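First the structure, in the form of structure tokens, and then the observations on it.
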Amino acid sequence: MSVFKAILGICETKELDSTSWRMDGGRVAVKLEDAPELNRKGGAIYLKGGELAKPLLLVRAEDGSMLAFANRCSHLLGRKVDPVPGESRLRCCSLGHSEYGYDGQVIKGPAKEPLKKYTVEIDNGDIVVTL
Ligand code: FES
């Protein structure tokens, strides 16, 4: 990641088009076919807007499982996070580069609080996240 991107807090993970997901009560459903990034290990997308209080990050872990996190670093600026390629952790896009394990716990950097992690199920081709 370039210093320029880190200063501006620009992540590598792309936003999923709002027509590819829906929210119903406290559950978010994403059509897996609309998120090809999630078909490869280490791939990720994020969602924002609508009824979501915070952006939501979806990650296909190295072991093939699907993970969901609140996509807002707990450090001061609350920047978004990206998966670290080839490793089971997430890194903040800011200059502070706080890192979190896939359990959401801080493993490095200035952040003190964990990332909120959500339950994920695959249901009929949809990724369903319970917030
Ligand atoms: S906002 Fe994430 S380390 Fe500062």
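Read the numbers this way: they start at 1 and go in the same order the structure lists the ligands and their atoms. Predicted model, so just to flag it, every value in this text is computed and none were measured.
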Which atoms of ligand 1 are found less than 4.0 Å from any heavy atom of [X]?
X     : answer
Cys92 : 1 (S), 2 (Fe), 3 (S)
Gly96 : 3 (S)
Arg79 : 1 (S)

*Ala111 touching ligand 1 at heavy-atom level, < 4.0 angstrom*: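 So Ala111 does not count as touching ligand 1.
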
*asked:* Against ligand 1, does Gly78 come closer than 4.0 Å with any heavy atom?
replied: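 Gly78 counts as a contact of ligand 1 under the 4.0 Å cut-off.
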
Flag if over 12 foreign heavy atoms under 6.0 Å of [atom1], [X]:
X      : atom1 : answer
Asn124 : CG    : no
Glu113 : CD    : no
Arg89  : CZ    : yes

_If you compare all heavy atoms of Gly86 against all heavy atoms of Glu62, which two are closest, and at what distance to 0.1 Å?_
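Smallest heavy-atom distance, with atoms named: N-OE2, 3.6 Å.
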
*From atom 2 (Fe) of ligand 1 out to just under 2.8 Å, does an N/O/S atom of Cys73 turn up?*
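Within the cut-off used here (under 2.8 Å), Cys73 does place an N, O or S atom near atom 2 (Fe) of ligand 1.
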
*Please state whether the separation between atom 2 (Fe) of ligand 1 and some N/O/S atom of His75 is under 2.8 Å?*
no

*If we only count heavy atoms from C-beta on, is the Tyr102 to Val59 side-chain gap below 4.5 Å?*
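When only atoms from C-beta onward are counted, Val59 and Tyr102 do touch, with a gap below 4.5 Å.
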
*asked:* Using side-chain heavy atoms (C-beta onward) and a distance below 4.5 Å, is Arg72 in contact with Lys80?
replied: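 Not touching, per the 4.5 Å side-chain cut-off.
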
*When you look for heavy atoms under 4.0 Å from ligand 1, do you find them on the side chain of Ser98, its backbone, both, or neither?*
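For Ser98, backbone and side-chain atoms both sit under 4.0 Å from ligand 1.
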
